[in-house]
Amino acid sequence: TVQSVQRQKLFVQAEREANRPDVLLIGDSVPESMYGYGTFKDIFPTGFIDAAQGRQFYMAPDVYRSYKDAGMVGDVVVFALGTNGYAIDEEFDRLMAEVGPDQQVWFVNTRSPEDFMEASNDTIQRGVERYPNAHLIDWYAFSDGKDDYFDGDGTHLTADASKIYGQLIYDAVKDYLPEDALQPQTAGDEGGSGDAAPQDDGGSGDGTSQDDGATPGGDGPADSPAG
């Protein structure tokens with residue numbers, strides 16, 4: 001009957017809303033370290049991470065669309081990409097067309113010895129200046145001169161640095177998080193230092209790392225990250 005179909009639609013909508021993460025992070029193997037070291041759910045207990053080695057910026061619209069279609073996009077979306085190749089303005093614009101003007105989105109720039117790093121970071125900088133709902137998280141500036149953050153290759157993070165990286169993201173987005181997703185030590189504070197290791201408050205947020213990033217809900221961590 002029509003009523004039963006309507007009830008089913010309402011049930012599906014309610015189920016999606018209940019499972020929707022407060023933070024969706026889509027990235028490459030740099031943020032993957034937060035999953036690998038187990039720090040992501042400590043910082044974002046109600047968040048979800050999809051980080052895949054080798055992922056490039058141009059892949060982001062398709063990955064994002066898969067989560068949007070699955071009803072898994074909440075108030076905060078973070079993209080941490082640019083480690084594996086050039087990011088260009090057209091790719092940024094295509095991603096923002098998929099995101100739309102009403103979704104708040106943050107972009108973490110990169111630090112890497114690769115020759116395309118500066119150009120990719122410039123693309124991200126120009127992009128956040130063009131779109132009022134896009135914001136920069138400046139990992140490049142924050143990590144300047146801090147070689148001990150990196151696990152020997154100038155790109156990937158140590159266990160301690162994965163906490164710092166995650167805290168930097170948290171400090172940028174926390175004003176958009178619901179009360180139950182805030183860290184006790186910073187709830188109500190103005191700003192944050194970005195370099196304090198987050199408290200281990202447990203949590204039930206899921207995180208996943210995928211090899212291809214094609215669909216939501218991957219089934220385990222990627223192999224040793226390459227980019």
Side-chain angles (χ1 to χ4, degrees), residues 8-32 34-35 39-52 55-82 87 90-109 124 127-128 130-137 139 165-166 168-183 203-222:
Q8 181 65 23
K9 287 182 178 179
L10 289 173
F11 175 79
V12 171
Q13 181 181 357
E15 186 176 35
R16 283 186 171 184
E17 289 178 355
N19 294 325
R20 183 179 297 144
D22 294 315
V23 176
L24 172 64
L25 190 156
I26 295 171
D28 53 34
S29 62
V30 174
E32 191 272 344
M34 289 193 292
Y35 178 83
T39 57
F40 181 81
K41 72 174 183 178
D42 293 337
I43 302 172
F44 299 108
T46 56
F48 192 91
I49 182 170
D50 176 343
R55 180 177 284 158
Q56 297 197 40
F57 201 96
Y58 73 85
M59 301 174 178
D62 290 339
V63 179
Y64 176 79
R65 187 184 308 114
S66 69
Y67 285 98
K68 183 171 69 173
D69 291 346
M72 290 186 64
V73 175
D75 292 335
V76 173
V77 176
V78 179
F79 293 98
L81 295 161
E90 291 80 3
E91 294 168 355
F92 195 101
D93 291 339
R94 188 165 71 91
L95 176 55
M96 291 304 297
E98 186 66 45
V99 168
D102 299 324
Q103 175 69 54
Q104 297 299 317
V105 59
W106 284 258
F107 291 85
V108 188
N109 62 12
I124 294 171
V128 299
R130 289 198 303 278
Y131 294 91
N133 60 316
H135 316 279
L136 176 67
I137 300 176
W139 173 245
Y165 184 90
L168 185 69
I169 295 172
Y170 173 87
D171 287 341
V173 307
K174 66 180 181 180
D175 288 345
Y176 291 82
L177 296 176
E179 192 72 24
D180 61 357
L182 294 175
Q183 295 175 6
S204 59
D206 287 333
T208 185
S209 172
Q210 302 179 80
D211 290 324
D212 58 9
T215 57
D219 54 7

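Fair warning: this is a prediction, and the values are worked out from it, not measured in the lab. Computed from heavy atoms alone, side chains included, the values below leave out hydrogens, waters and symmetry copies.
Taking 4.5 Å as the limit, some side-chain heavy atom of Phe79 sits within range of a side-chain heavy atom of Val105. Proximity of Thr39 to Tyr165: side-chain heavy atoms (C-beta onward) are nowhere separated by under 4.5 Å. Contact annotation: the side chain of Arg55 approaches that of Leu81 to within less than 4.5 Å [non-hydrogen atoms, C-beta and beyond]. In this structure, the side chains of Val173 and Phe44 come closer than 4.5 Å at one or more pairs of heavy atoms.
Between the CH2 atom of Trp106 and the CG atom of Leu168 there is a distance of 13.0 Å, given to the nearest 0.5 Å. In this structure, Glu90 CD and Tyr58 OH are separated by 15.5 Å, a value rounded to the nearest 0.5 Å. Distance check: Ile49 CD1 to Ile43 CD1 gives 9.5 Å after rounding to the nearest 0.5 Å. Taking CG of Leu177 as the reference point, atom CG of Asp22 lies at 6.5 Å (rounded to 0.5 Å). Taken from OH in Tyr35 to CZ in Phe48, the straight-line distance is 8.5 Å, to the nearest 0.5 Å.
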Counting only pairs under 3.5 Å, give me each side-chain donor-acceptor contact of residues 95-104, with atom names and distances, residues two or more places apart or in other chains.
unit_1	atom_1	unit_2	atom_2	d
Glu98	OE1	Arg65	NE	3.1
Glu98	OE1	Arg65	NH2	3.0
Glu98	OE2	Arg65	NE	3.4
Glu98	OE2	Lys68	NZ	2.9
Gln103	NE2	Gly74	O	3.1
Gln103	NE2	Asp75	O	3.2
Gln104	OE1	His135	NE2	2.6

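Note: Phe107 and Phe57 have parallel aromatic rings, judged against thresholds of 30 and 60 degrees for the angle between ring planes.
Remark: Tyr131 engages Asp93 in a side chain to side chain donor-acceptor pair (under 3.5 Å) (not counting sequence neighbours).
Minimum heavy-atom separation, Asp28 to Gly82: OD2-N, 3.6 Å. Between Pro31 and Ala80, the shortest heavy-atom contact is CG-CB, 3.7 Å. Taking all atoms of both residues into account, the shortest heavy-atom contact from Tyr64 to Ile26 is CA-CD1, 3.8 Å.
With hydrogens and angles disregarded, a donor-acceptor distance shorter than 3.5 Å links the side chain of Asn109 to the backbone of Trp139.
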